[in-house]
Amino acid sequence: MAEKKVSTSRKNQIKSLMLQISQTILEEEAREAKREKIRHMEENCPSVSIPGTMPDLQELCRKIHKQIDLLDEERYDMENKVNKSDKEIDDLRMKVQDLKGKFKKPALKRVRMSADDMLAALLGSKHKVSMDLRANLKQVKKEVKEEEKQTGDWRKNIEDKAGMDGRKKMFEGEV
């Protein structure tokens with residue numbers, strides 16, 4: 001069957017009716033939420049009558065602190081339940097992805113690691129393997145020149161050359 005065409009004026013009329021209905025529904029939901037909040041506050045938070053004496057005030061504070069501790073314990077338990085359920089949801093999502101067989105491969109980034117770090121990452125921290133490449137290189141010793149050996153503390157040289165004995169040693173050393 002061929003679909004009947006609806007005129008633009010009729011479309012606009014239907015659209016405005018839908019918007020009005022949805023607006024009334026949203027307003028009703030807001031009023032209901034407000035009533036629910038007030039009802040919850042009346043149930044869980046009774047009005048506080050502040051006593052005039054100090055011991056009564058202290059007792060009221062102790063009572064309020066006990067309630068706070070209980071609520072903190074409940075909040076902590078709820079957070080743990082939520083975290084646990086989130087982990088279970090993530091695990092189930094991973095299982096579903098595994099079953100589907102379609103994986104989105106993440107873009108790999110370059111990582112600068114030394115050979116020792118790579119071996120530690122692959123083998124774990126239990127195995128201690130070091131790959132010191134510099135230890136395998138051939139060691140070359142420099143020849144130390146005689147002049148470098150003789151040059152020591154410059155203050156000693158000056159004390160030796162001071163006076164007539166020092167000059168005499170300089171001339172004898174040169175000959």
Side-chain angles (χ1 to χ4, degrees), residues 1-140:
M1 279 188 173
E3 293 183 22
K4 295 180 181 178
K5 292 188 177 183
V6 181
S7 66
T8 56
S9 61
R10 179 73 177 147
K11 283 183 187 178
N12 289 337
Q13 183 185 10
I14 293 172
K15 194 179 207 180
S16 64
L17 284 173
M18 287 174 55
L19 287 173
Q20 287 175 352
I21 292 170
S22 62
Q23 186 177 9
T24 56
I25 291 172
L26 284 174
E27 289 172 355
E28 182 61 34
E29 285 177 356
R31 284 193 294 268
E32 181 63 33
K34 201 174 202 179
R35 282 188 292 241
E36 181 67 26
K37 182 179 178 182
I38 291 170
R39 186 185 61 77
H40 179 75
M41 291 299 286
E42 287 174 354
E43 285 178 5
N44 294 328
C45 301
S47 61
V48 178
S49 59
I50 301 175
T53 63
M54 187 61 118
D56 292 340
L57 279 174
Q58 289 175 344
E59 185 60 35
L60 178 66
C61 288
R62 287 187 191 103
K63 183 179 174 184
I64 291 174
H65 277 290
K66 286 179 184 177
Q67 288 178 345
I68 289 172
D69 289 341
L70 289 173
L71 290 175
D72 278 342
E73 288 176 6
E74 287 180 24
R75 180 182 55 84
Y76 179 76
D77 292 340
M78 291 290 191
E79 283 179 358
N80 283 340
K81 285 181 183 178
V82 167
N83 289 338
K84 186 176 180 181
S85 62
D86 285 345
K87 287 180 183 178
E88 289 177 5
I89 289 170
D90 289 340
D91 290 341
L92 290 174
R93 281 187 184 149
M94 293 298 287
K95 286 181 182 178
V96 168
Q97 278 185 347
D98 289 344
L99 292 174
K100 284 183 180 179
K102 295 179 182 177
F103 296 103
K104 288 185 177 178
K105 293 184 180 178
L108 299 177
K109 297 178 181 177
R110 285 191 173 264
V111 178
R112 297 191 69 168
M113 293 179 83
S114 67
D116 292 335
D117 293 339
M118 282 188 196
L119 286 173
L122 291 173
L123 299 176
S125 62
K126 293 180 182 177
H127 302 285
K128 292 287 183 181
V129 178
S130 66
M131 197 171 166
D132 190 11
L133 299 175
R134 294 178 189 216
N136 297 334
L137 295 176
K138 185 177 179 182
Q139 293 185 354
V140 179

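No hydrogens, no waters, no symmetry mates; every other heavy atom, side chains included, goes into these values.
- Asp72 and Arg75 are joined by a salt bridge, as a carboxylate oxygen and a charged side-chain nitrogen come within less than 4.0 angstrom of each other.
- The pair Glu28-Arg31 meets the salt-bridge criterion, since a charged nitrogen lies less than 4.0 angstrom from a carboxylate oxygen.
- For Arg93, the CZ atom counts as loosely surrounded, since its 6.0 Å shell holds 12 or fewer non-hydrogen atoms of other residues, nucleotides or ligands.
- Crowding of Ile50 atom CD1: a count of heavy atoms from other residues, nucleotides or ligands under 6.0 Å not exceeding 12.
- Of the inter-residue distances, the one linking Met18 atom CE with Ser22 atom OG reads 7.5 Å to the nearest 0.5 angstrom.
- Atom CG of Leu57 is separated from atom CZ of Arg62 by 11.0 Å, given to the nearest 0.5 angstrom.
- Using modelled atom types, one finds a donor on one side chain and an acceptor on the other under 3.5 Å when comparing His40 with Asn44.
- Side chain to side chain, Asp56 and Thr53 meet the donor-acceptor criterion of an N or O pair below 3.5 Å.
- Interatomic distance, CD1 of Ile89 versus CE of Met94, reported as 14.5 Å (0.5 Å rounding).
- For the pair Ile25 and Glu29, the minimum side-chain heavy-atom distance is below 4.5 Å.
- Residue Gln13 forms a side-chain hydrogen bond (donor to acceptor under 3.5 Å, both in side chains) with just one option from Lys15, Arg10, Lys11, and that option is Arg10.
- A distance of 11.5 Å separates CG in Leu92 from CG in Asp98, rounded to the nearest 0.5 Å.
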Does the side-chain contact (heavy atoms from CB on, under 4.5 Å) test come out yes or no for Lys100 and Val96, once each step is laid out? CA-CA 6 Å; Lys100 284 183 180 179; Val96 168; 4.0 Å; yes

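- In plain terms, the two heavy atoms of Pro51 and Leu60 that are nearest each other are CD-CD2, 4.0 Å.
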Check the pair Glu42, Arg39 against salt bridge (charged side-chain N to carboxylate O under 4.0 Å, His left out), reporting the backbone distance first and the verdict last. CA-CA 5 Å; Glu42 287 174 354; Arg39 186 185 61 77; over 6 Å; no

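- Within the model, atoms CD of Glu32 and NZ of Lys37 stand 14.5 Å from one another, a figure rounded to the nearest 0.5 Å.
- Annotation: the span from Leu70 atom CG to His65 atom NE2 amounts to 13.0 Å, rounded to 0.5 Å.
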Apply the test side-chain contact (heavy atoms from CB on, under 4.5 Å) to residues Gln23 and Leu19: give CA-CA distance (whole Å), side-chain angles for both, the deciding distance (0.1 Å), then the verdict. CA-CA 6 Å; Gln23 186 177 9; Leu19 287 173; over 6 Å; no

